[in-house]
Amino acid sequence: MGCKTTKSTLRELFLCEKRIGRALQHALRLPLNDCSHYVIISDCHRGEGTMNDNFLKNQNLYFAALEFYLKRGFFYLELGDGEELWENRSVRRIRNCHEEVYRLFSCFEREGRILRLYGNHDMELREELPEALILENLEGGRDICMIHGHQADFFNSVCWRMSRFLVRYLWKPLERFGVNDPTSAARNYRKTVRYEHCLENWVKKHDVYLVAGHSHRPRIPIDTDVESRYLNAGSCVHLGCITAIEVENMQMTLVKWRLATRQDMSIYVAREVMAGPTDIK
């Protein structure tokens, strides 16, 4: 990834590994086998319906995707930053604004098919949501570990209160004028490279799959024998699409949902495969 091995880099990798290990130590566990159907989504950043609510532009794509997964028996996994609580203060107002989302969540809950983790932007929910999840491979292959990913980002994990303060009172007003938040891994390329380097280093040491979000940069290996086993679900705030990772038939597929046009000029929501399916080995 072009990262030089310096003392500071080694220290960063060491601390990153400790934070990820601490998160996974008390991870919830779910079974993974030939009958499993999981969909992994991250970084919805649901807000209060204002001009800063980045979820609004893709909410209809999200509704279509969740209806699809609900009807087909998928287990919904959300890897953190579901609620945007750095720019907003009230979970109740977010839930009131996005009633349809939580109605769909209730449908999944009635069938015991939903689990949500917390991330750095909804750290306030850490008393009610878990931090990590492991899909325990019952077919003899590697487990799939899942975290939001802020554990590999010092400023957004250890210093999250400071980060929240800067986002809430500095970068949120400036966002209206097109100024990007330099503390965000999703908007800072160099920060993203360091972040991914930390996660790839952890995967090499532990020889399991690791799925995260946080960087908003979707990725999935084509061949896990020669490539990194670090995956990223992307986000629901991309321009014109949302991304997800589907796990079924002991394979992983990276998909996106976007608006498409038929020959008769009618518009519909399309599911497109971006990469995969990749065998879980």
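Lys57 NZ: more than 12 foreign heavy atoms inside a 6.0 Å radius. Remark: Arg93 CZ is loosely packed, at most 12 non-hydrogen atoms of other residues, nucleotides or ligands lying under 6.0 Å away.
The backbone N or O of Ile134 sits nowhere less than 3.5 Å from a side-chain atom of Arg29 that would complete a donor-acceptor pair. Within the 3.5 Å criterion, the main-chain N or O of Gly47 finds a donor-acceptor partner in the side chain of Asp53. Between the side chain of Asp43 and the backbone N or O of Gly213, no donor-acceptor pair lies under 3.5 Å. Counting only distance, with no hydrogens or angles, the side chain of Gln151 and the backbone of Gly149 share a donor-acceptor pair below 3.5 Å. Within the 3.5 Å criterion, the main-chain N or O of Gly119 finds a donor-acceptor partner in the side chain of Asp122. Here the side chain of Thr253 pairs no donor or acceptor atom with the backbone of Glu246 at under 3.5 angstrom. Under a 3.5 Å cut-off, the side chain of Asp143 and the backbone N or O of Glu136 do not form any donor-acceptor pair. Between the side chain of Asn58 and the backbone N or O of His238, at least one donor-acceptor pair lies under 3.5 Å. With hydrogens and angles disregarded, no donor-acceptor distance shorter than 3.5 Å links the side chain of Arg217 to the backbone of Ser235. When atom types are taken as modelled, the side chain of Ser36 and the backbone of Glu248 share no donor-acceptor pair closer than 3.5 angstrom.
Checked for salt-bridge contact, Arg219 and Glu200 meet the test: a charged N lies under 4.0 Å from a carboxylate O. Of the charged side-chain nitrogens involved, none lies within less than 4.0 Å of a carboxylate oxygen, so that Glu84 and Arg46 do not count as a salt-bridged pair. The pair Arg89-Glu48 does not count as a salt bridge, with every side-chain nitrogen at least 4.0 angstrom from each carboxylate oxygen. Salt bridge annotation for Arg126-Glu131: absent, with no cationic side-chain nitrogen under 4.0 angstrom from a carboxylate oxygen. A salt bridge does not link Glu109 with Arg116: none of the charged nitrogens is closer than 4.0 Å to a carboxylate oxygen.
Between Cys241 and Leu61 the shortest heavy-atom distance is CA-CD1, 3.8 Å. Contact between Gly80 and Ser42 at its shortest, heavy atoms only, is O-OG, 3.8 Å. Nearest heavy-atom pair across Met252 and Ile220 is O-CD1, 3.4 Å. Minimum heavy-atom separation, Leu199 to Leu210: CD2-CD2, 3.8 Å. In plain terms, the two heavy atoms of Cys145 and Val208 that are nearest each other are SG-CG2, 3.9 Å. For the residue pair Val237 and Cys44, the shortest heavy atom distance occurs at CG1-O, 3.6 Å.
Ring pair His148/Tyr118: centre-to-centre distance not below 6.0 Å. In summary, the aromatic rings of Tyr62 and Trp257 are positioned with their centroids too far apart to meet the 6.0 Å limit. If you look at Phe74 and His37, their ring centroids are closer than 6.0 Å. Side-chain rings of His45 and His216 approach one another, their centers coming within less than 6.0 Å.
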Is there a side chain to side chain contact (heavy atoms under 4.5 Å, CB included) between Leu259 and Tyr268 once you walk through the steps? CA-CA 6 Å; Leu259 289 179; Tyr268 69 102; over 6 Å; no
Step by step, work out the side chain to side chain contact (heavy atoms under 4.5 Å, CB included) result for His206 and Glu17. CA-CA 10 Å; His206 296 272; Glu17 183 168 352; 3.2 Å; yes
Start with the C-alpha gap between His214 and Asn120, add the side-chain angles, then the distance that decides, and say whether side-chain hydrogen bond (donor to acceptor under 3.5 Å, both in side chains) holds. CA-CA 8 Å; His214 189 59; Asn120 54 304; 3.3 Å; yes
Are Asn137 and Met250 close enough, and set up right, to give a side chain to side chain contact (heavy atoms under 4.5 Å, CB included), and what steps lead you there? CA-CA 9 Å; Asn137 197 326; Met250 295 303 289; 3.5 Å; yes
Could you walk me through whether Leu32 and Ile280 pass the side chain to side chain contact (heavy atoms under 4.5 Å, CB included) check? CA-CA 10 Å; Leu32 174 64; Ile280 300 171; 4.3 Å; yes
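The distance from atom OH of Tyr195 to atom NE2 of His150, rounded to the nearest 0.5 Å, is 9.5 Å. Between atom CG of residue Leu77 and atom CG of residue Leu135 there is a gap of 6.0 Å, rounded to the nearest 0.5 Å. For the atom pair Cys97 SG and Phe55 CZ, the distance stands at 9.5 Å (nearest 0.5 Å). Note: Leu138 CG to Asp34 CG = 10.0 Å, rounded to the nearest 0.5 Å. The CG atom of Leu254 sits 5.0 Å away from the CE atom of Met274 when rounded to the nearest 0.5 Å. Between Glu100 atom CD and Leu66 atom CG the span is 9.5 Å, to the nearest 0.5 Å.
Val211 places a side-chain heavy atom less than 4.5 Å from the side chain of Leu79. Counting heavy atoms from C-beta on, the side chains of Arg22 and Arg19 come closer than 4.5 Å.
Residues Leu85 and Leu129 share a hydrophobic cluster, clusters being chains of Ile/Leu/Val/Met/Phe/Trp/Tyr side chains in contact below 4.5 Å. Ile245 and Leu28 fall within the same hydrophobic cluster, defined by Ile, Leu, Val, Met, Phe, Trp and Tyr side-chain heavy atoms under 4.5 Å apart, directly or through other members. Tracing side-chain contacts under 4.5 Å through hydrophobic residues (I, L, V, M, F, W, Y), one reaches Ile267 starting from Val269; they form part of the same cluster. Leu56 and Phe105 are not part of a single hydrophobic cluster, where members link through side-chain heavy atoms under 4.5 Å apart. Tyr69 and Val101 fall within the same hydrophobic cluster, where Ile, Leu, Val, Met, Phe, Trp and Tyr residues are linked whenever their side-chain heavy atoms come under 4.5 Å apart, directly or through other members.
Judged by distance alone, the side chains of Asp279 and Gln251 do bring a donor and an acceptor atom under 3.5 Å apart. Side chains of Ser215 and Asn232: a donor on one and an acceptor on the other come within 3.5 Å.
Checked against Leu115 for a side-chain contact (heavy atoms from CB on, under 4.5 Å), the options Phe75, Tyr76, Phe108 give a single hit: Phe75.
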